[in-house]
Protein chains: 2
Amino acid sequence: MLAALVKAGHSNTRARRAVIAAICETGGQASPADLLASGRVHHPALGLVTVYRTLEILLELDLVRKLHTDDGCHSYAPSTHHHGHHVICQQCQRAMEFEGCDLETVVAAVEARTGFQVRSHWLELFGVCPECQTKSVR
Amino acid sequence: MLAALVKAGHSNTRARRAVIAAICETGGQASPADLLASGRVHHPALGLVTVYRTLEILLELDLVRKLHTDDGCHSYAPSTHHHGHHVICQQCQRAMEFEGCDLETVVAAVEARTGFQVRSHWLELFGVCPECQTKSVR
DNA sequence: TTACTTGCAAAAACTTTGCAGGCGC
DNA sequence: GCGCCTGCAAAGTTTTTGCAAGTAA
């Protein structure tokens, strides 16, 4: 992640390393405030503004994906596959990326029915992750 | 929409009629601020707070759906089908609801691959609506 | 050294809450 | 007339912007 950043012409700074580490450490998604907290473990003087600015760069380079949470604020997750979506645990908030969404059928049906030309899509799944399933069985 | 509201025990007030009219008039989605502007045509004294409060009620009754836009704020669209998603025009922002998303295959694949138990999902399609297609051909 | 980065503070944007007066029923 | 509803103002959140000091290369 750092390598790609540098390759794109950005500096390798302590603050950016801290933000990247924070993103990688969260099992999945994290809000900017979460990232600030985890990032400060690596770089205590880290500021929230820098978290936002670093995320902006990472988004542009497609190294990170922006997820929408229902409570109004956004969260961010590392992007590992090329065309990826996320499945999010409703209990522990862990997010896992998956690839290969076969939406061709759905897209074709919608195009036929609405007359729209579909260019892109956006999908998030919600459920329970393996670990939380085990826990809740007891 | 009004009928359902009243049936659920809410009063039939001028402000609520204005908000509902505003939602129905927008071809598809609209932000709270948009709704305030359109609503004021019907009820000039309408306040933004009332727009939010009315939307909250309509959401609860499933008469309206909340969409997420990338620019940070939310937008709302009337909900006509029971389990519906929206396809949104990237040019004119018009939103159209569609039903029948065949995600079973995708969901099954993801469950097999990640171990998650998928409980719900969230899908938005983006493209160009029939009218904008015509316009751009010329 | 030079230009890019940073972090604080302040501002902006969006949403929620408190409360006195108004309106539906 | 009673109680829900409204709209203003103010507060709370999240995100963006300005700027002087700091750091990478």
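These values consider heavy atoms only, across backbone and side chains, with no hydrogens, waters or symmetry-generated copies. Order of the sequence lines sets the chain letters (A, B, ...), proteins ahead of strands, with each chain counted from 1.
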Q: Of all the heavy-atom pairs spanning A:L5 and A:S11, show the shortest one and how long it is.
A: CD2-O, 4.3 Å

Q. Between B:Y76 (OH) and C:dT15 (C1'), how many Å, whole number?
A. 9 Å

(Q) Please evaluate residues B:R17 and B:N12 with respect to the criterion side-chain contact (heavy atoms from CB on, under 4.5 Å), reporting the C-alpha separation (whole Å), side-chain torsions for both, the decisive distance (0.1 Å), and the verdict. (A) CA-CA 7 Å; B:R17 287 195 301 272; B:N12 171 358; 2.7 Å; yes

Q: Search all heavy atoms of A:L36 against all heavy atoms of A:L48 and return the closest pair with its distance.
A: CD1-N, 3.6 Å

Q: Take the protein atom CZ of B:R53 and the nucleotide atom P of C:dG18, then report the distance between them rounded to whole Å.
A: 11 Å

**Q.** Between D:dT13 (C1') and A:L36 (CG): distance, integer Å
**A.** 15 Å

Q | Nucleotide D:dC4, atom C1' - distance to CG of B:L5 in whole Å | A | 13 Å

Q) Rounding to a whole Å, what distance do you find between A:L48:CG and D:dT16:P? A) 10 Å

**Q.** Between P of D:dT14 and NE2 of A:H74, the distance in whole Å
**A.** 12 Å

Q: Check each of A:R65, A:H86, A:Q29 against A:E97 using the side-chain hydrogen bond (donor to acceptor under 3.5 Å, both in side chains) test, and report the only one that passes.
A: A:R65

**Q.** 5' priority, DNA chain D, between B:S11 and B:V49 [closest heavy atom]
**A.** B:S11

(Q) Please confirm whether the shortest side-chain N or O distance from B:T13 to OP1 or OP2 of D:dC5 is below 4.0 Å. (A) no

Q: Please work out if A:A45 contacts a base, only the sugar-phosphate, or nothing of the nucleic acid, heavy-atom cut-off 4.0 Å.
A: sugar-phosphate

Q | Length of the CG-P vector between A:L59 and D:dT16, whole Å | A | 10 Å

(Q) Base of C:dG22, side chain of B:R14 - is there a donor-acceptor contact under 3.5 Å? (A) no

Q.
Give me the atom names and distance for the closest heavy-atom approach of A:H42 to A:A18.
A. CB-CB, 3.9 Å

Q: Could you please name the option among C:dC25, D:dG7, C:dT6 that lies closest to any side-chain atom of B:A15?
A: D:dG7

(Q) Using a heavy-atom cut-off of 4.0 Å across all strands, would you classify B:R16 as base, sugar-phosphate, or nothing? (A) sugar-phosphate

**Q.** Residue mapping more 5' on DNA chain D - nearest nucleotide basis, B:H10 or B:R40
**A.** B:H10

(Q) Whole angstroms only, please: what is the NE2-C1' distance between A:H43 and C:dC8? (A) 13 Å

Q: Please figure out whether A:G9 or B:R17 has its closest DNA chain C nucleotide nearer the 5' end.
A: A:G9

Q. If you check the A:Y52 side chain, which of C:dT15, C:dG7, D:dT15 turns out closest?
A. D:dT15

